[in-house]
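In what follows, every chain begins at residue 1, and chains take the letters A, B, ... in the order their sequences are listed. All values below come from the heavy atoms of this structure, side chains included, with hydrogens, waters and symmetry mates left out.
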Amino acid sequence: MKNFLADLNNDQRQAVEALQGPVMVIAGAGSGKTRVLTYRVAHLLHQGADAFSILALTFTNKAAREMRERIFKLVGKEAGNVWMGTFHSVFARVLRVEGPRLGYPSNFTIYDTDDSRRLIKSLVSELHLDPKLYAPAVVHGRISSAKSNLVSAAEYNENPEFTGPDKQFNRPELGRLYTMYQMRLFKSQAMDFDDLLFNMNVLLRDFPEVLHKYQQRFQYIMVDEYQDTNFAQYLIIKKLAAKNENICVVGDDAQSIYAFRGANIQNILNFKKDYPDYRLFKLEQNYRSTQVIVEAANSIIAQNKDQIQKKVWTSNEEGSKISVLKGANENEEGLLVARHLFEQKMQYQLPNNYFAILYRTNAQSRAMEEALRKLNIPYRIFGGLSFYRRKEIKDLVAYFRLCINNYDEDALRRIINYPTRGIGDTTLEKAIVRAGELNQPLWDILSNPVSAGLELRSNVMNQISNFTTMIKSFTVQVNRLNAYDLARQITMSSGILRDLKEDQTPEGVSRVENIDELLNAVRDFTESDTTPTGVETEEGKARTLDVFLQDIVLLTDADEKEDENQPGDKVSLMTIHAAKGLEFQNVYIVGLEENLFPSFLSLNSRSELEEERRLFYVALTRAEKKAVLSFAEMRYKYGTPSWNEPSRFISEIDEKYLDVPRKKQIPQTSLKSLHGFDSPEIRKTLGGNTPELPVGLQRREKQTLKKIPLPGAHPPPSSQSATGPTANPDEIQPGMVVEHERFGIGEVTQVDGTGANKKATVKFESVGSKQLLLKFAKLRIV
DNA sequence: GGAGGCCTCGGAAGG
DNA sequence: CGAGGCCTCC
């Protein structure tokens, strides 16, 4: 057996070997975080742990897949039995089993964000509310935020803390919308993404036998990117881990960039409060980047107040300094970047895929694309519309959904008249009203229109009957045919393909190709032994369409393979958010201007500004060898020109890491001339700068959303543990009286192990007996 | 039901 | 400026 622990440095190995008890690993950028997680799982398996008792949670399918592959390389096929996946996929899997306790069938449908918004839009219209005030995205955001904080619709409506701001913003019906939204989801036998976490919490809260069962099953729990967890996720982990407390969370507070979508950095800062006898490991050696990049990144992040102290360092080469490019406008910036990239590529003979261009907002990609095209440099943009969110795919998938779950109202409404079959808005409207009056699902009304008292012309009645009969004929096949055969049958008989083929434009042809691509994916699934998200299908379990469908809603564009029509060696273009977790030899961070990066929306609060700074930290630490920063003196924003100073983040980097003395490259004179140019007169003639009022309104909305308090919320973080004079581990002997910074005075009753593994059993006056690893316990001999 | 004109609005994005 | 939603008109 290969001693794979030898592949690890000292800190990594300790984190891997600390299998029992609560463990927090603070992993600096590029410090081998994934390595620790994967080796930990491998080590657990080598130590005899049952693969089925290990739960490893990630935020993206990609991270889960990569981890699984790496564990497979270390331990072989046993890796397939580890519960490994995203929060959503793992708990969806549990809810397929336990959902009936909450009244959901095990084949419940999962609504994605688009489905949820469509439902809200329809509710707003049914209630005759102002669609501008109750924009689906706003309403959904508020509901989502409540659910992420485990606030139910009933609690929401009772609590003025939520309803107050709604009234204030002229949206008094928001609570009612939340209630109705949940009712409609339930009637559709559907959960949205937030429900997967919310309902998992309900299960663990209300069903002690379920709690017990999964506490028993998941003996070892690991969580990646812990700094990104929200309250609902935090509480699930805490409950599941409560019995064994074999919980290991890995993260980096310096890379927390998702507070805006509910991530709560307090979860990482307060781990020590939840698990007072936790062990903390810091991975501080960076293996990715040059000294210049590591040190420059350190000098940036040092400006933040909220952080866990650590010193990231590297033994890599010093490397070349960070270049700064200045363009007169965004197009010139693009050209300078493209030229610089081209020169690097030629000088060092590098492939295109060694380069990435990172930006703050998607809109910045255009200038970069144009410049790259001019120089014939191939590129790939990440972060477009995901395959499964395209209209033609959602339409066909809606057929699949409706066949599997006849009560899926969103799917029903989406396809009842697509392709056109004479069941128009008026008819649908009547049926919906009737469904409301009888409090019955829309599907039941349409299945029995006569007994429901629907009065329609006979040919419309016929069309409805044809439609429901067709769907039912598919439904009975779900368990008889394999996924591919049924999917093909639906595609052919529904008329979708015929409809799409009528459109001979390039877009139309591409839509037909996409349908083919979806069918290929179904065939792959039918013939393979894993689901689309990579979970192994159970032995002997049929590859039916419902199993396929359960999975694909959890996929995103990040899970898609490269365009097969245009494979090859390309420069990567993406937002910094999308670049998290990736690395490139050469990284360009563009658009480094005040009001863009940091975003003007972040400038009013320290915490938001600090998140922008962490974002810049993430961007810089993606680079292995060379980082280049660029900015434009002027760029068009919404069609009007705007002038901004170079970003503060450039000047926050210690000058010695920049390859041009900053005084020359971004000289004060330049700033002055910028100011001179940006005179009120000029702004006036050019039609002003950015709009002000809508921005202000937006900001306030966001802040009230964030005000939703967390039930059982954490107190604010405390400072790091003090480092007083501590005893050498060798001195500790049984019988000694020692003092621990947190547990107080106690007597050493036993000492085991040697070296780094040496631990003492101490009987404390206040908290009783504790086992402490002496390397970390910081005991003072009294 | 679809084409075309008009209006509005603009952050980052996992599942 | 440009994308997307909505309305109108055929």
Inset, instruction - Please find out if less than 6.0 Å separates the ring center of A:F186 from that of A:Y104. - result: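 Centroid distance A:F186-A:Y104: below 6.0 Å, so yes.
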
Legend entry - side chain to side chain donor-acceptor pair (under 3.5 Å) pairs, two or more places apart, involving residues 126-139 of chain A: A:S122-A:E126, A:E126-A:R184

How close or far is atom [atom2] of [N] from atom [atom1] of [X], stated in whole angstroms?
X	N	atom1	atom2	answer
A:Y359	B:dA12	OH	C1'	12 Å
A:D115	B:dG15	CG	P	16 Å
A:F382	B:dA12	CZ	C1'	17 Å
A:Y258	B:dG15	OH	C1'	12 Å
A:H88	B:dG14	NE2	C1'	8 Å
A:Y636	B:dC9	OH	C1'	20 Å
A:D192	B:dA13	CG	P	21 Å
A:F87	B:dG14	CZ	P	16 Å

Categorize [X] for me: base, sugar-phosphate, or nothing, with a 4.0 angstrom heavy-atom threshold over every strand shown.
X	result
A:F193	base
A:T361	sugar-phosphate
A:D112	nothing
A:K121	sugar-phosphate

Inset, instruction - For DNA chain C, note the earliest and the latest nucleotide, 5' to 3', having some atom under 4.0 Å of a heavy atom belonging to chain A. - result: C:dC1 to C:dC6

Legend entry - Set of residues satisfying side chain to side chain contact (heavy atoms under 4.5 Å, CB included) with respect to A:E611, sequence neighbours excluded: A:A259, A:F260, A:R614

Legend entry - Check: A:N267 and A:I237 side chains under 4.5 Å, non-hydrogen atoms: no

Inset, instruction - Would you indicate whether the side-chain heavy atoms of A:F108 and A:R96 approach each other to under 4.5 Å? - result: yes

Legend entry - Qualifying residues under side chain to side chain donor-acceptor pair (under 3.5 Å), relative to A:E69, sequence neighbours excluded: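 Checked A:E69 against side chain to side chain donor-acceptor pair (under 3.5 Å); zero matches.
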
Could you run down the sub-3.5 Å N/O contacts of the protein with nucleotides 1-3 of chain B?
residue: B:dG1; atom: OP1; partner: A:N417; partner atom: ND2; Å: 2.7

Does [N] have its OP1 or OP2 closer than 4.0 Å to a side-chain nitrogen or oxygen of [X]?
X	N	answer
A:N61	B:dG14	no
A:N362	B:dA13	yes
A:T113	B:dG15	no

Legend entry - 5' precedence on DNA chain B between A:E612 and A:K62 (nearest-nucleotide basis): A:E612

Legend entry - Upstream residue (5' side of DNA chain B) when A:L554 and A:K132 are each assigned their closest nucleotide: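 On the 5' side of the pair lies A:K132.
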
Inset, instruction - May I ask you to decide if A:N331's main-chain N or O and A:N329's side chain share a donor-acceptor pair within less than 3.5 Å? - result: yes

Legend entry - A:F649: partners by ring-ring contact (aromatic ring centres under 6.0 Å, His included), with sequence neighbours left out: A:F597, A:F616

Legend entry - Pi stacking test for A:Y638 and B:dG10: under 5.5 Å apart, planes under 30°: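 Stacking is present between B:dG10 and A:Y638, given that their ring centres fall under 5.5 Å apart and the planes under 30°.
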
Legend entry - Identified salt bridge (Lys or Arg N to Asp or Glu O under 4.0 Å) counterpart of A:D112 within the set A:K394, A:R389, A:R117, A:R118: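 In the set A:K394, A:R389, A:R117, A:R118, the residue that makes a salt bridge (Lys or Arg N to Asp or Glu O under 4.0 Å) with A:D112 is A:K394.
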
Legend entry - Audit row: A:Y111, A:D195, side chain to side chain donor-acceptor pair (under 3.5 Å) steps and yes/no: CA-CA 10 Å; A:Y111 276 16; A:D195 285 334; over 6 Å; no

Legend entry - Pairwise C1' distance, B:dA12 and C:dG5 [rounded to whole Å]: 23 Å

